[in-house]
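Each ligand, and each atom within it, is numbered from 1 in the order the structure gives.
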Amino acid sequence: MTMFSVGKATIVRIEETYQPVYSVKELFPECTDDLLSEHKHWLAPNHYDPGTAKVKLSVHSWLLQVDKQKILIDACCGNHKSRPTRPWWNMLDTPYLDRLGAAGARPDEIDLVMCTHLHHDHVGWNTQLKDGRWIPTFPNARYVFSQPDFEYFQKADVDPNTAPVEFGTFRECVLPVVEAERADLVTGPHRLNDHIEILPAPGHSPGHVVFKLESDGERAAFIGDVFHHLLQVYYPHWNFPKNSDPEQARTSRRMVLEHCASNGALVLPCHVGAPFAGHIDATAKGFRPRFG
Ligand SMILES: [Zn+2]
């Protein structure tokens with residue numbers, strides 16, 4: 001089990017999947033063979049699979065426990081959810097909830113579910129299938145969603161040209177939570193409580209946010225998909241292919257890297273491979289990850 005401490009807070013990674021998915025060129029067309037060999041010494045085996053020549057991505061949640069609250073950050077893909085064009089995340093049947101239980105939280109003990117954004121791989125476990133209906137998986141939790149993301153995906157989901165958005169997961173994993181009156185829509189910057197602040201970091205999606213944590217003078221940042229891979233720390237202008245606004249995504253990435261390099265925050269992304277979290281150092285040329 002991967003566990004981190006930040007002041008009085010503990011943070012555990014809850015794995016859903018961790019596998020080679022995209023070819024390097026498909027993900028980052030800017031990556032030349034020379035650059036790849038320059039970084040090869042740290043890429044394999046955790047961030048790149050030489051056998052398939054594919055980039056390895058993790059899909060995980062973070063279970064944050066602070067002040068007796070159990071907070072789930074980002075909710076992966078979920079079980080039994082259809083993603084016809086993403087075979088490696090299609091109709092999953094993983095023991096994710098057992099792993100969450102082993103990490104110290106049954107579904108009914110989760111106090112808060114917080115989604116950095118509303119893409120399909122961050123909202124999946126918000127709901128589960130019961131008697132043919134999608135109902136909230138965490139019956140006692142409040143769910144914190146970004147209001148700008150909610151409005152953007154809602155608009156696209158009622159437009160016949162773009163519906164259903166995110167493989168239908170807006171309808172399966174977001175709307176049922178809102179209909180059950182368990183959702184709190186927030187617009188950053190927003191202070192959630194003594195420890196957590198919500199900051200806008202748009203571009204990957206219009207309302208993408210990061211969660212800043214502070215406990216006993218130590219800091220962490222749950223950065224969602226501000227970057228998907230550590231190569232993007234070296235090359236912050238490299239975007240993951242899917243963005244609502246590519247230039248805004250680059251600006252947000254630089255802003256978050258700058259912020260974490262200057263205050264020493266533990267950085268917790270959603271898809272970076274083992275050891276899954278670490279720090280950012282500023283260098284003469286830009287930034288360098290210090291993960292493990
Ligand atoms: Zn993602």
Over 12 foreign heavy atoms within 6.0 Å of NZ, K242: yes
Test item: T17 and W88 side chains (from C-beta on) under 4.5 Å apart, heavy atoms: no
Sequence-distant partners of Y143, ring pair (Phe, Tyr, Trp, His ring centres under 6.0 Å), two or more places apart: none
H122 ring center near H271 ring center (under 6.0 Å): yes
Number of protein N/O/S atoms that sit closer than 2.8 Å to the Zn ion (ligand 1): 4
Note, H208 side chain near S205 side chain (heavy atom, < 4.5 Å): yes
4.5 Å side-chain heavy-atom contact, L231 and H39: yes
